[in-house]
2 protein chains.
Amino acid sequence: MPVERPRRRIPEATVARLPVYLRILIEQANEEVESISSDGLAELAGVNAAKVRKDLSYLGSYGTRGVGYEVAFLVYQIRRELGLTHDWPVVIVGAGNLGQALAGYGGFGQRGFPVAGVVDIDPSKVGSVIAGVRVRHIDDLDQIVQTRHVNIGVVATPPSAAQDAADRLTRAGVTSILNFAPVVLAVPNGISVRKVDLAVELQILSYYEQRRMGVGLQAIGSSDSGRGASA
Amino acid sequence: MPVERPRRRIPEATVARLPVYLRILIEQANEEVESISSDGLAELAGVNAAKVRKDLSYLGSYGTRGVGYEVAFLVYQIRRELGLTHDWPVVIVGAGNLGQALAGYGGFGQRGFPVAGVVDIDPSKVGSVIAGVRVRHIDDLDQIVQTRHVNIGVVATPPSAAQDAADRLTRAGVTSILNFAPVVLAVPNGISVRKVDLAVELQILSYYEQRRMGVGLQAIGSSDSGRGASA
DNA sequence: AGGCATTCGTGCGCGCGTTCACAAAGTCCG
DNA sequence: CGGACTTTGTGAACGCGCGCACGAATGCCT
């Protein structure tokens, strides 16, 4: 079975939008919509129609001129390109508030990222069960990663422990890390890291808020954060 | 007292990095470090030194050639520019798992974003107390926003309720929204929206993982996600 | 005081991503 | 069957942000 090779390198910005398109397309499919135009999809995704077409063109020429894109087929293609044709088990490091919330968050497993394990360094946390997953000691990390073929690790530790968690993850063989700790992780070359930082997001909003006030007179300035959508 | 005007428009990319610099600088200040060079800060932030200098130059010429930047002063300047000289109370819509976790997350209040209120549409949730904050009904949103002078709203509802939450927030006068629901929000012009989407982040990682495997032979490709740091 | 080492501030070129605009390709209808 | 209409796919221009490289400014040492 010849798994088709990725056509070309897809720009980072496009990769970041594909999941959004995918979610929308799945919604449309659930509502029995069979076909959608770049215009329609653009509106739902809050972006420019030309951008949608260019983004989708990286997957191949899967549209029909005069008609649009077949929803089901597009879902399949995006899934394939994003590597979502099979599950990616993840391991969560840190069983504190955040780790527990993440483990309990249904959207994980349902979307193809089952929780292969939750580990913590604190022996008193080991053994407790969160959302059906037993917390294990961090020393078991290697074993979990290897037996469950985990490629993605989630850092949900306090800031001070985050770098150590990342080190252990990479040493265990994990090649992608999703970091929730407000820390800049140092990782070996070739390891992907994405971070989710609440405080940073709020502070960015704060900047634009302050700017709005600073101007004081006109409230026009479209100080959109760049990731927002406007009606 | 003349509150200095924002000098120029600061690029979005820079605004997104300032909070990172700020956190690092505060850490350094706590460790009694009085001065730091763009090189040093760059290393800690995992970015290019020239970028650091250019970013900081948007705030003004606050460095000393041959020496570097005075940490305490830089902290003050970044704080001022980001509008962090005073608190920004936030209101959380949705008292489910996520809403509770967010309300309980200490990093909120400590970093200048106290939780002014948590609201939910479900009467059975109203009245319960989360992390010292009593959950109120969503109909009280307007009152909370006005009496507490809230500018920032957090959407922590299920996807199906997210748009309604955003509508209510903007109607109540909120001008910035942090959206945790996997939905593209439609908001009036001039409203800032930032989103935090778990599934999207994981799917982006999935893409690069799949790519790594697809290539099959070399494991070199520096498939960094663009927001990561490498050692 | 003078020279040297260090580090900032920034002009400039480059590459990426966004957007426009249009030809190509297909549908639909009379 | 032909012509009008719709929508895709993409070439090209534009703009932004990144990083280099270097002049300018400051501190330090002799």
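Proteins get letters first, then strands, A, B, ... in listed order; numbering begins at 1 in each.
There is no side-chain donor-acceptor pair under 3.5 Å between Asn151(A) and Ser176(A). With no hydrogens or angles considered, no side-chain donor-acceptor pair links Asn97(B) and Tyr105(A) at under 3.5 Å. Donor-acceptor pairing under 3.5 Å is lacking for the side chains of Thr64(A) and Glu70(A).
Taking atom CG of residue Asp39(B) and atom C1' of nucleotide dC20(D), one finds them 14 Å apart after rounding to whole Å. Between Tyr62(A) atom OH and dT10(D) atom P there is a gap of 12 Å when expressed in whole angstrom units. Protein atom CZ of Arg17(B) is 9 Å distant from nucleotide atom P of dG17(D), rounded to whole Å. Rounding to whole angstrom units, CG of residue Leu41(A) and C1' of dG9(D) are separated by 15 Å. We find that OH of Tyr58(B) is positioned 10 Å from P of dT10(C), with the value rounded to whole Å. The NZ atom of Lys51(B) sits 15 Å away from the C1' atom of dC14(C) (whole-angstrom rounding). For the pair Glu70(A) CD and dT8(D) P, the computed distance is 14 Å after rounding to whole Å. In this structure, CD of Glu12(A) is placed 13 Å from P of dC16(C), rounded to the nearest angstrom.
Considering every non-hydrogen atom in both Ala16(B) and Ile204(A), the closest pair reads CA-CD1, 3.8 Å. Taking all atoms of both residues into account, the shortest heavy-atom contact from Ala116(B) to Arg148(B) is O-NH1, 3.4 Å. Listed here is the closest heavy atom pair of Val174(B) and Gly153(B): CG1-N, 3.5 Å.
Contact annotation: Tyr69(A) does not reach the phosphate of dT6(D) (side-chain N/O to OP1 or OP2, under 4.0 Å). Side-chain N/O atoms of Lys54(B) include none lying less than 4.0 angstrom from OP1 or OP2 on dT10(C). When the side-chain nitrogen and oxygen atoms of Asn48(A) are compared with OP1 and OP2 of dC20(C), one or more of them lie within a distance under 4.0 Å. Regarding contacts with the backbone of dT8(D), a side-chain N or O of Ser38(A) is found under 4.0 angstrom from either OP1 or OP2.
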Identify the pairs formed between an N or O of the protein and an N or O of nucleotides 21-25 of chain C at a distance under 3.5 Å, and give each distance.
residue	atom	partner	partner atom	Å
dA21(C)	N6	Arg53(A)	NH2	3.3
dA24(C)	N3	Arg65(A)	NH1	2.7

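Proximity note for Pro11(B) (side chain, C-beta onward) versus dG26(C), dT10(D), dG17(D): the nearest is dG17(D).
Within 6.0 Å of CD in Glu27(A) there are more than 12 heavy atoms belonging to other residues, nucleotides or ligands.
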